[in-house]
2 protein chains.
Amino acid sequence: MCVLGTGLIGGSLLRAAVAAGYRAWAYNRSETGARAARADGFDAGSDIAAVLGRAADENALIVLAVPMPAVETVLADVRTFAPGCPLTDVVSVKEPVRAEVHRQELGTYYVGGHPMAGTAESGWAASSPDLFRDAAWAVGVDPGTRAEPWARVARLALDCGAVVVPVVAAEHDRAVARISHLPHVLAEALAVAGAAGGDLALGLAAGSFRDGTRVAATAPELVRAICEPNAPALTEALDDALRLLTAARDSLRADGSLGELIDAGYSERDRYDTLRRWDITDIRPGDENWLERLREAGQRGGVIRALD
Amino acid sequence: MCVLGTGLIGGSLLRAAVAAGYRAWAYNRSETGARAARADGFDAGSDIAAVLGRAADENALIVLAVPMPAVETVLADVRTFAPGCPLTDVVSVKEPVRAEVHRQELGTYYVGGHPMAGTAESGWAASSPDLFRDAAWAVGVDPGTRAEPWARVARLALDCGAVVVPVVAAEHDRAVARISHLPHVLAEALAVAGAAGGDLALGLAAGSFRDGTRVAATAPELVRAICEPNAPALTEALDDALRLLTAARDSLRADGSLGELIDAGYSERDRYDTLRRWDITDIRPGDENWLERLREAGQRGGVIRALD
């Protein structure tokens, strides 16, 4: 397996795959980054032609693990050096990656992917082989996806300790706008509105502020690279949040009550806490209508925990 | 010391005070609640006349540890049975408590208090003697406050392992609107907007959603009791958050960028992470202008870690 990018996600994937017994090597565009991985005993280089040439020779699964702004350039390299390899990615948004993959005519063996894991830190130094343990890993079931690369990607996710959530690109992007990108934007707004209270307010801040702003400690360029490529879906999620908060503010001003928001929030957080992922066991890649059936199962909260 | 209320905060205070060597007893309006504290070896009863009669006999420091909606009733009991005792409270908002204390003519020996600690849980079962360790404990320095009860309250906070933040009621309420009440409201909105993505979205949710909605797991009636008495200041904080989020949404819609919010949020979260509380060492309760000087030191981020 060949990982392009050795940051938090790519680096953790390299570590997890090697720990699971994969023959895996990686590329980092900076020799310093590649050297850091080598210093920890991993096979990593900064010569993209060499790294991808080896992938082509071995028909390795190629994993794009770069932020969205770097995807176009790295895909151009894949097209040049290893256009026939199975290809996946771990980028935070799926429609823009998928569009670029097809624009560069690399769609035949492509399967979108997105492990739902991360920390506020970034880079190889923060990577861990356990990052994906028990995480959800979205694996694309868009029309035209082939069974063989799909199974390889799903198996990689399972071998890293994750569960597979089958989902098409557009639905993935709408979902993560709500549960990943919106939390980032709210955390940034809370950090700013909180700090507007000055040192007195920050000195009184405790758990609710600390947890509510945790992801605002993520490097700003990374937050933008995660959220902005998903602008349409994030705009919709932000509209929803603004509606809810405006209603609460108006109610507070009118009669001193927060209205329905508190009960609704409690009830939806409880729904999240008690959500049980059920196991998809009766659909195999390549079965009749497998893509459509997996998509529908994923929409209903189903996950894959094992492949035959 | 006499604690009125054995919920999460009152119960933790009873435990912490006893652990620090205080002779402390408590009241709970339900005999079941009082029995739970007794079963753990603490001195607790449900007879308010007896509990407060003993406080009057011993000139005990009385601590109101009930939610805002119960404050009026409990203060009426204090007025009846122990009007001459030093009095403090641990309620989440200070102006409304202070107003009610003065309305009931109990202001002479009153000092407002608010330990910045809590969990999403509530009740005696969740209480812990270590809840206040390293927490900030706001102690009121409103005009007219007397030095003797002030020192008793500050010493209690220190003996529970907290640091004392001197602050007047109105400034406290504006500060906690931003760093405690706003986080609650944003968490509720995030829970609702996230769950609107259905089981697929909730199944993909990871750390950012989990942390961002953590306090939405707090009992709704408790959230309302914490936030709604602070309606004016919370409205102002919500207005700020709405302005920031609306600007981000508009920018996202106009050109796909989140504008200035991400850099600002990162920088303010960093300010919070690197905030250093400095020690107030040169102002003693009863010194000339001690209230005004402590207030000004608290505004600049100063805390008291020891009293002579």
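Below, read A as the first sequence line, B as the second, and so on, with proteins coming before strands; counting in each chain starts at 1.
- The minimum heavy-atom distance between Ile179(B) and Ala201(A), with the atom names listed, is CG1-O, 3.5 Å.
- Put simply, of Leu204(A), Leu244(A), Leu186(A), the one with the most heavy-atom pairs under 4.5 Å next to chain B is Leu204(A).
- Only the side chain of Val167(A) comes within contact range of chain B, judged by heavy atoms closer than 4.5 Å.
- Highest contact tally toward chain A, considering only Ala187(B), Gly194(B), Ala216(B), is held by Ala216(B) [criterion: heavy-atom pairs under 4.5 Å].
- For the set Ala231(A), Gly197(A), Pro220(A), the count of heavy-atom pairs under 4.5 angstrom toward chain B peaks at Pro220(A).
- Contacts with chain B (heavy atom to heavy atom, under 4.5 Å) involve these residues of residues 262-269 of chain A, listed by number: Ile262(A), Asp263(A), Ala264(A), Gly265(A), Tyr266(A), Glu268(A), Arg269(A).
- In this structure, Ser208(A) and Pro183(B) approach most closely via the heavy-atom pair O-CB, 3.7 Å.
- Between chain B and the residues Gly212(A), Ala205(A), Gly301(A), the largest count of heavy-atom pairs under 4.5 Å involves Ala205(A).
- For Ala177(A), no part lies under 4.5 angstrom from a heavy atom of chain B.
- Under a cut-off of 6.0 angstrom, the local environment of CD in Glu296(A) is crowded, with over 12 non-hydrogen atoms contributed by other residues, nucleotides or ligands.
- In this structure a side-chain-to-backbone donor-acceptor pair under 3.5 Å is present from Arg178(B) to Ala193(A).
- The residue among Val303(B), Leu242(B), Val223(B) with the most heavy atom pairs within less than 4.5 Å of chain A is Leu242(B).
- With a 4.5 angstrom heavy-atom cutoff, Arg210(A) touches chain B via backbone and side-chain atoms both.
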(request) Begin with the C-alpha distance, continue with both residues' side-chain angles, and end with the deciding distance and a verdict on side-chain contact (heavy atoms from CB on, under 4.5 Å) for Glu228(A) and Ser257(B). (result) CA-CA 6 Å; Glu228(A) 292 179 348; Ser257(B) 124; 3.9 Å; yes
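- In terms of heavy-atom pairs under 4.5 Å with chain B, the best-connected choice from Leu182(A), Asp270(A), Leu200(A) is Leu200(A).
- Closest approach of Ala136(B) to Gly203(A), counting heavy atoms only: CB-O, 3.5 Å.
- Partner of Arg253(B) under the side chain to side chain contact (heavy atoms under 4.5 Å, CB included) criterion, out of Leu238(A), Leu234(A), Asp239(A): Asp239(A) alone.
- Electrostatic pairing of Arg271(B) and Asp199(A) counts as a salt bridge here, judged by a charged N lying under 4.0 Å from a carboxylate O.
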(message) Under the criterion side-chain contact (heavy atoms from CB on, under 4.5 Å), I'd like the reasoning laid out for Asp211(B) against Val215(A): C-alpha separation, chi angles, the key distance, then a yes or no.
(response) CA-CA 9 Å; Asp211(B) 288 357; Val215(A) 292; 6.0 Å; no
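- Listed options Val165(A), Asp240(A), Leu245(A) were ranked by heavy-atom pairs under 4.5 angstrom with chain B; first place goes to Leu245(A).
- Contact annotation for Glu221(A): neither backbone nor side-chain heavy atoms come within less than 4.5 Å of a heavy atom of chain B.
- Distance check, rounded to the nearest 0.5 Å: CD of Glu236(A) to CG of Leu252(B) gives 12.0 Å.
- Distance check, rounded to the nearest 0.5 Å: CG of Leu258(B) to CD1 of Ile226(A) gives 11.5 Å.
- With chain B as the partner, the residue from Ala135(A), Ala191(A), Gly198(A) showing the most heavy-atom pairs under 4.5 Å is Ala191(A).
- Annotation: the span from Leu275(B) atom CG to Leu202(A) atom CG amounts to 6.0 Å, rounded to 0.5 Å.
- Heavy atoms of Arg277(A) lying under 4.5 Å from chain B belong exclusively to its side chain.
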